[in-house]
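Any value given below was found using the heavy atoms of this structure, including those in side chains, with hydrogens, waters and symmetry copies removed. Residue numbers start from 1 in every chain, and the chains themselves are labelled A, B, ... in the order their sequence lines are given, proteins ahead of strands.
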Protein chains: 2
Amino acid sequence: MQNLIPCRFHVEVEAVLKSEGLRATKQRLDIWDELSSSDKHRDIETILVDLKKKKINVSRATLYRTIDVFVKHGLLKKITLDSGKFLYEHNKKTISPKHDHIVCEDCGEIFEFYDNNISSIEKKIADDLNLRVTKRVHQLSASCNNDQCSHAKN
Amino acid sequence: MQNLIPCRFHVEVEAVLKSEGLRATKQRLDIWDELSSSDKHRDIETILVDLKKKKINVSRATLYRTIDVFVKHGLLKKITLDSGKFLYEHNKKTISPKHDHIVCEDCGEIFEFYDNNISSIEKKIADDLNLRVTKRVHQLSASCNNDQCSHAKN
DNA sequence: CTGAGTGCAAAAGATTTGCAGGCAC
DNA sequence: GTGCCTGCAAATCTTTTGCACTCAG
């Protein structure tokens, strides 16, 4: 049962799947639709709950398996929290492909930032060690300076 | 059974424990001795093995419980790898208290770096969002540019 | 049709917790 | 002596895996 009006992003996703020799199954496209439809940063559990809310049934195992492929090919971005937990967000072209995160530990809100100087410094450090950066984690946790942070703790 | 010649760092550790209302038990001091005796970056499992080699018996549970306290008080530094795993290293005054890591994914070697400009940029970013940085993760994974990296993969 | 993909449940790995006995103070 | 601490094992939590059934190509 194919979608009658396929999401235009499916073309890109199908290309990625094909490049891995994987089939474009309903579950894989459903997962992409869910993740690409929101700019939220979500963990596996939340994504599963959100899918279930929409009556889209995808098993936990399939979600893990699929997300790995999407992350590998840059369709999704995997965020490593300093707690060791992971969050995922889509990596559409409209968003800076390289950006870091600052998490407010009072309200849980996640802000994104990007600074070119940091990249330059990182590159120089790696060069000095004769290394080439392949992956990077740069994340700050912060607390609010004032009462503007009115969200609930999470 | 107290150590006859207590490690001079025990004074500091005992102060930390006292500040938390915790007792200076043999296990807690043993854990500190083991971690402070080496500049290695180790995970829980490796620390346990290293303790066992020295015939020092500390249970896994006690190690987890104790390490958390030491990290909280800055005696140890917890490193979050982008795989979500953790490594620990001691945080003696002779080492820059704030430093980041670059891991060679070919040989597993961990290099440390510190750049003041990055701190400044981070502070500015947080300031602009009216936040105050409380924790930070900044870690690079890299591969070797040449054959100098001769260690075994891990 | 047919092998790749899925869902389920079991397994695996990491960390936390409850509890009975032991030891620091 | 007393109650905090430890070790053990069970419990939790997250992620991976084996397998029979299903479906995309």
Side-chain angles (χ1 to χ4, degrees), chain A residues 1-4 6 10-11 13-34 42-49 51-52 55-72 76 78-88 154, chain B residues 1-4 6 10-11 13-34 42-49 51-52 55-72 76 78-88 154:
Chain A
M1 223 146 333
Q2 206 143 3
N3 285 335
L4 292 178
H10 282 186
V11 179
V13 176
E14 284 171 15
V16 161
L17 292 173
K18 179 167 266 183
S19 77
E20 283 277 319
L22 300 171
R23 292 175 176 175
T25 62
K26 181 168 191 320
Q27 288 87 340
R28 286 170 177 157
L29 297 179
D30 279 347
I31 289 170
W32 174 250
D33 286 345
E34 177 57 34
R42 290 177 278 184
D43 61 12
I44 292 283
E45 202 54 42
T46 306
I47 296 165
L48 268 177
V49 169
L51 283 167
K52 201 138 286 177
K55 309 287 183 198
I56 297 168
N57 283 308
V58 172
S59 72
R60 191 178 304 273
T62 296
L63 183 56
Y64 275 109
R65 289 186 276 232
T66 301
I67 265 188
D68 279 349
V69 177
F70 289 171
V71 168
K72 177 179 172 191
L76 298 179
K78 182 176 190 168
I79 305 166
T80 305
L81 298 180
D82 57 3
S83 65
K85 304 287 167 57
F86 305 116
L87 300 181
Y88 302 90
N154 73 343
Chain B
M1 226 150 321
Q2 205 142 6
N3 285 338
L4 292 178
H10 283 184
V11 178
V13 177
E14 285 170 14
V16 161
L17 292 173
K18 180 168 265 183
S19 77
E20 283 276 320
L22 299 171
R23 291 175 178 175
T25 62
K26 181 167 191 323
Q27 288 87 339
R28 285 169 179 158
L29 297 178
D30 280 347
I31 289 170
W32 174 248
D33 287 347
E34 177 57 34
R42 290 176 278 183
D43 61 12
I44 293 282
E45 202 55 40
T46 306
I47 296 166
L48 269 177
V49 169
L51 283 166
K52 201 137 288 177
K55 309 287 182 197
I56 297 168
N57 283 308
V58 173
S59 71
R60 190 179 302 272
T62 296
L63 183 56
Y64 274 110
R65 288 185 277 232
T66 301
I67 265 188
D68 279 350
V69 177
F70 290 170
V71 168
K72 175 179 173 188
L76 298 180
K78 182 176 191 169
I79 304 166
T80 305
L81 299 180
D82 58 3
S83 65
K85 303 287 167 56
F86 305 116
L87 299 180
Y88 301 89
N154 74 340

Between [N] and [X], is there an OP1 or OP2 to side-chain N/O distance shorter than 4.0 Å?
| X | N | answer |
| --- | --- | --- |
| B:Thr25 | D:dC5 | no |
| A:Gln27 | D:dC23 | no |
| B:Ser59 | D:dC8 | no |
| B:Tyr64 | C:dT15 | yes |

B:Leu17 CG to B:Thr25 OG1 distance, which is reported to the nearest 0.5 Å: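 So the gap between those two atoms works out to 7.5 Å.
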
Distance in Å, B:Leu51 CG paired with B:Thr46 OG1, rounded so as to fall on 0.5 Å steps: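 With rounding to 0.5 Å, CG (B:Leu51) is 11.0 Å from OG1 (B:Thr46).
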
Toward the 5' end of DNA chain C, by each residue's nearest nucleotide, A:Ala61 or B:Ala61: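 Its nearest nucleotide being more 5', the pick is A:Ala61.
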
Residue closer to the 5' end of DNA chain C, A:Thr66 versus B:Phe86 (nearest nucleotide):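 Closest to the 5' end, via its nearest nucleotide, is A:Thr66.
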
Touch class at under 4.0 angstrom, heavy-atom based, for A:Arg65 against every strand present: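 Touches a base.
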
Sugar-phosphate, base or nothing in reach of B:Arg60, heavy atoms under 4.0 Å: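 Since a base atom lies under 4.0 Å of B:Arg60, the category is base.
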
Non-hydrogen atoms of A:Phe86 and A:Asp43 that approach each other most closely: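 Heavy atoms of A:Phe86 and A:Asp43 come nearest at O-CB, 3.5 Å.
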
Minimum heavy-atom distance between B:Trp32 and B:Val13, given as atom pair plus value: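 Between these two residues, the closest heavy atoms are CD1-CG2, 3.2 Å.
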
Distance in angstrom units between A:Ile67 CD1 and D:dT14 C1', rounded: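 From A:Ile67 CD1 to D:dT14 C1': 13 Å.
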
Nucleotide of C:dG7, C:dG5, D:dC5 approaching B:Arg23 most closely (side-chain heavy atoms):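 For the B:Arg23 side chain, the nearest candidate turns out to be D:dC5.
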
